[in-house]
Amino acid sequence: MQKEYKNAMEKISLLDEDKARILANVKKAYEQSGVASDDAGAQKNIVPFYKRPRFSARRWGTVAAAFAVICTSAVLIYNQFTGDNRGGGHGIDYTNPTMQPVEEVVWQELDSVEDIAEKTDCQTYTLNSVSKKYKVKKVEVAPAQKHVRITYKNKKDEDRILFEYKEEENAEDITKQFENESELAKEKVGTSDVTMYGTEKCDAMTWQQESCTFAVRMSKGCSTEKAKSIVSGTKKKDSDDKHGKDNPSKGKGNDSSAATSPNAVGWKGNEKPSSTNQKKKILREIYNRLGFRITIGEPAEDVTYKKIDDFESFAFYYNENEDLEGNRIVGYAGWEGCPSGVMKHFNESDIKSVNGVSVTVYEKENGERLFAFIKQEISFTILIENWTGEDMEEALGEILSVIHISMDDGDSGDDKDEKTEKNDKDEEDAAPYREAAQEIQDAVAEKSLKTLASYVEFPLQIKGAGVDVESAKEFQELSSDAVFASDWVDAVVSYDISKIKADTKSFKMGDSSNYLLCKIKNGSVVITELCTEKALPQPEPSADGEY
């Protein structure tokens with residue numbers, strides 16, 4: 001403080017006119033105090049200023065200068081103190097004696113994302129590609145700065161995603177929060193350069209888009225591919241968006257107008273589920289034209305059927321899978337290919353084997369995926385907009401399980417309608433058996449002896465290997481690699497579960513030498529026989545001769 005005071009005194013000086021003004025004021029005050037005294041003797045003893053000056057002009061100038069220094073120092077000290085308390089003096093330029101005002105940030109909490117457009121002048125962006133299990137928990141806006149923060153929360157897993165953006169290019173208050181974090185990667189997503197932060201997984205990222213600065217921070221890290229899909233799924237919501245409150249969602253968490261891929265040829269996104277009569281009419285027309293019909297069974301919801309070019313097309317929701325929840329699934333079925341335009345901008349990225357079916361995966365630059373496969377000689381193409389689930393095989397397996405192919409010629413007129421109704425009832429009654437068969441196939445594909453054992457009726461004879469198994473415990477002690485030989489697995493998982501009907505008593509999953517024989521007892525599916533070409537190792541006897 002002494003050093004600052006000394007430096008300030010050395011730099012301060014008074015102009016001659018200021019000195020004269022100060023001295024004149026002091027002289028005037030002195031003379032007025034002498035005249036106002038009631039003591040005559042005291043007045044005589046007062047020596048006029050010009051006769052007995054107590055201070056020279058030089059001394060008065062020194063006093064005035066000291067007074068000015070004290071005032072100036074007090075102002076400087078006050079500014080420094082208050083500036084520090086406002087955040088370390090940010091916003092004040094000490095090279096300029098004029099103070100710069102600090103813009104005050106006032107945050108207000110809104111009830112919903114829709115309120116951003118309705119109650120502020122800020123643009124509305126959302127993360128459309130995150131799983132539907134994440135719900136908007138909190139919306140905060142600083143209207144003056146056009147800065148928005150949206151918190152998504154997955155209640156089941158207790159993890160959060162903080163999404164924020166500011167309508168300003170390279171906004172430092174967003175980008176500088178990552179200065180001390182490890183940079184994981186730099187990726188190009190569309191026209192944006194995305195910087196990702198983290199060690200092994202991506203925990204946060206920031207990028208520029210449409211003159212805005214964006215950032216995402218996640219409580220649980222994800223892969224860089226998943227992070228890229230989150231960025232590509234960042235969408236601007238227009239104030240007149242047709243998906244707004246004037247178009248309420250249909251069904252269990254389904255928004256029939258909001259989740260249709262732009263590549264869904266023949267679909268506008270606002271179609272309503274087909275009624276029973278509409279379904280009959282469309283499927284009859286499709287069969288007469290194509291020679292087959294595709295029905296979508298439970299637990300699919302809000303199913304809509306259409307005929308588009310030389311293809312049957314269908315749309316539905318599958319909310320049993322959290323990653324698929326709320327996403328509209330659109331499919332096409334035909335003897336070859338798919339309608340023109342469906343594959344536009346998609347490139348082949350991978351091939352997956354799902355329940356014995358080879359599925360080709362196609363992907364756009366924005367992360368959207370398309371799946372193509374052939375089942376019973378019919379070509380299928382499936383679109384799922386905004387789906388970024390990492391467990392692709394599980395999701396595809398569940399989608400395939402609700403797609404049923406029928407090549408029955410049927411009857412005509414009223415008899416045909418009655419048969420269609422009976423078929424629908426049969427499909428519904430057979431659904432639990434097909435679901436159990438699907439779970440058995442999944443257990444085989446995953447090579448899980450434990451899961452498979454839950455369906456086995458013991459004792460179990462394993463034909464071909466010459467082994468009898470008495471209990472689930474003994475079954476789980478078998479060699480997993482020996483039981484799940486590749487030929488046996490392929491034979492079992494390739495079985496078409498749509499062959500299982502409501503009146504089915506037993507069915508064999510596999511071929512003549514590699515199979516599981518299943519029976520339906522008391523409404524449940526049980527495995528009564530297993531056959532494999534591969535010999536299984538026998539357990540070695542212990543010292544006392546027991547196994």
Inset, instruction - Taking the side chain as every heavy atom from C-beta outward, state whether Glu312 and Ile378 have any atom pair closer than 4.5 Å. - result: no

Inset, instruction - For Tyr305, check ring-ring contact (aromatic ring centres under 6.0 Å, His included) against everything at least two apart and list the hits. - result: none

Legend entry - Backbone of Cys122 reached by a side-chain donor or acceptor of Glu167 within 3.5 Å: no

Inset, instruction - List for me each residue that meets salt bridge (charged side-chain N to carboxylate O under 4.0 Å, His left out) alongside Glu225, sequence neighbours excluded, and say none if there are none. - result: Lys228

Legend entry - Residue pairs involving residues 203-219 (criterion salt bridge (charged side-chain N to carboxylate O under 4.0 Å, His left out); sequence neighbours excluded): Glu181-Arg217

Legend entry - Derivation and outcome, side-chain contact (heavy atoms from CB on, under 4.5 Å), residues Asp193 and Lys188: CA-CA 5 Å; Asp193 294 316; Lys188 188 80 171 180; 3.0 Å; yes

Legend entry - Contact check, side chains of Lys364 and Ser232, non-hydrogen atoms, under 4.5 Å: no

Legend entry - Trp207 CH2 to Tyr165 OH distance, which is reported to the nearest 0.5 Å: 11.5 Å

Inset, instruction - Sequence neighbours left out, what passes salt bridge (charged side-chain N to carboxylate O under 4.0 Å, His left out) with Glu172? Give chain and number order. - result: Lys176

Legend entry - Side chains of Phe314 and Thr295 in contact at under 4.5 Å (non-hydrogen atoms): no

Inset, instruction - Just do the side-chain contact (heavy atoms from CB on, under 4.5 Å) check on Val359 and Ile382 with the steps written out, would you? - result: CA-CA 10 Å; Val359 180; Ile382 304 293; over 6 Å; no

Inset, instruction - Return the minimal non-hydrogen interatomic distance between Phe311 and Gly334, and the atom names on each side. - result: CD2-CA, 3.6 Å

Inset, instruction - Using a cut-off of 6.0 Å, state whether more than 12 heavy atoms not belonging to Glu377 lie near its atom CD. - result: no

Legend entry - salt bridge (charged side-chain N to carboxylate O under 4.0 Å, His left out) pairs, two or more places apart, involving residues 336-352: Asp350-Lys352, Lys352-Glu393

Legend entry - Intermediate values then yes/no, side-chain hydrogen bond (donor to acceptor under 3.5 Å, both in side chains), Asn154 and Lys220: CA-CA 11 Å; Asn154 174 4; Lys220 289 187 178 180; over 6 Å; no

Legend entry - Donor-acceptor under 3.5 Å (Gln177 side chain, Ile174 main chain): yes

Inset, instruction - Identify, with sequence neighbours excluded, every residue that meets side chain to side chain contact (heavy atoms under 4.5 Å, CB included) alongside Ser498. - result: Gln376, His404, Asp496

Legend entry - Residues forming a salt bridge (charged side-chain N to carboxylate O under 4.0 Å, His left out) with Arg160, sequence neighbours excluded: none

Inset, instruction - Using a 4.5 Å cut-off on heavy atoms from C-beta on, say whether the side chain of Pro299 contacts that of Tyr318. - result: yes

Legend entry - Student check: side-chain heavy atoms of Val303 and Val402 closer than 4.5 Å: no

Legend entry - Distance (rounded to the nearest 0.5 Å) between Arg149 CZ and Leu110 CG: 12.0 Å

Inset, instruction - Would you please classify the geometry between the Tyr125 ring and the Phe214 ring as parallel, tilted or perpendicular, with 30° and 60° separating the classes? - result: perpendicular

Inset, instruction - Give the minimum heavy-atom separation between Val489 and Ala445, together with the two atoms involved. - result: CG1-CA, 4.4 Å

Legend entry - Closest heavy-atom pair and its distance - Leu400, Lys375: O-NZ, 3.9 Å

Legend entry - Considering all heavy atoms, the nearest Phe292-Ala333 contact: CZ-O, 3.8 Å

Legend entry - Expected output: side-chain Gln145 to main-chain Glu104 donor-acceptor under 3.5 Å: yes

Legend entry - Minimum-distance pair of heavy atoms, taken over all atoms of Ile374 and Val357: O-CG1, 4.0 Å

Legend entry - salt bridge (charged side-chain N to carboxylate O under 4.0 Å, His left out) pairs, two or more places apart, involving residues 432-447: Glu427-Arg434

Legend entry - Side chain Trp488, main chain Val483, donor-acceptor under 3.5 Å: no

Inset, instruction - Enter the distance from Lys235:NZ to Thr126:OG1 here, rounded to the nearest 0.5 Å. - result: 9.5 Å

Legend entry - Side chain Ser192, main chain Gln208, donor-acceptor under 3.5 Å: yes

Legend entry - Lys/Arg-Asp/Glu bridge criterion (N-O < 4.0 Å) met for Asp310, Arg289: yes

Inset, instruction - Report yes if some heavy atom in the side chain of Ile440 is under 4.5 Å from a heavy atom in the side chain of Val525; otherwise report no. - result: yes

Inset, instruction - Any chance you could measure Ser494, atom OG, to Met509, atom CE, to the nearest 0.5 Å? - result: 9.0 Å

Legend entry - Thr360 side chain vs Ile351 backbone, donor-acceptor pair below 3.5 Å: no

Legend entry - Atom NZ of Lys281: over 12 foreign heavy atoms under 6.0 Å: no

Legend entry - Audit row: Cys222, Lys201, side-chain contact (heavy atoms from CB on, under 4.5 Å) steps and yes/no: CA-CA 5 Å; Cys222 67; Lys201 290 189 175 183; 5.8 Å; no

Inset, instruction - Measure the acute angle between the ring planes of Tyr495 and Phe507, then classify it against the limits of 30° and 60° as parallel, tilted or perpendicular. - result: parallel

Legend entry - Interatomic spacing from CG in Asn327 to CD1 in Ile384 - rounded to 0.5 Å: 7.5 Å

Inset, instruction - For the residue pair Phe373 and Val354, establish whether any side-chain heavy-atom pair is separated by less than 4.5 Å. - result: no

Inset, instruction - Just jot down the side chain to side chain contact (heavy atoms under 4.5 Å, CB included) partners of Ala491, sequence neighbours excluded, or say none. - result: Asp511, Asn514

Inset, instruction - Mind checking the SG-CE spacing from Cys202 to Met218? Nearest 0.5 Å is all I need. - result: 4.0 Å

Inset, instruction - Return the set of residues passing ring-ring contact (aromatic ring centres under 6.0 Å, His included) with Tyr433 (not counting sequence neighbours), or none when no residue passes. - result: none

Legend entry - Any side-chain heavy-atom pair of Arg328 and Tyr317 under 4.5 Å: yes

Inset, instruction - Would you confirm whether Tyr332, through its side chain, and Val342, through its main-chain N or O, come within 3.5 Å as a donor-acceptor pair? - result: no

Inset, instruction - Taking Ser349 for its side chain and Val361 for its backbone only, find out whether a donor-acceptor pair lies under 3.5 Å. - result: yes

Legend entry - Residue pair Pro143 / Thr120: nearest heavy atoms and the distance that separates them: CG-CG2, 4.4 Å

Inset, instruction - Please name all residues satisfying ring-ring contact (aromatic ring centres under 6.0 Å, His included) with Phe346, sequence neighbours left out, ordered by chain then number. - result: none

Inset, instruction - I would like to know whether Thr199 and Leu184 meet side-chain contact (heavy atoms from CB on, under 4.5 Å); could you show each step before the answer? - result: CA-CA 6 Å; Thr199 50; Leu184 179 66; over 6 Å; no

Legend entry - Contacts of type salt bridge (charged side-chain N to carboxylate O under 4.0 Å, His left out), residue Lys166, not counting sequence neighbours: Glu168, Asp173

Legend entry - N/O donor-acceptor pair under 3.5 Å between Thr381 side chain and Ala372 backbone: no

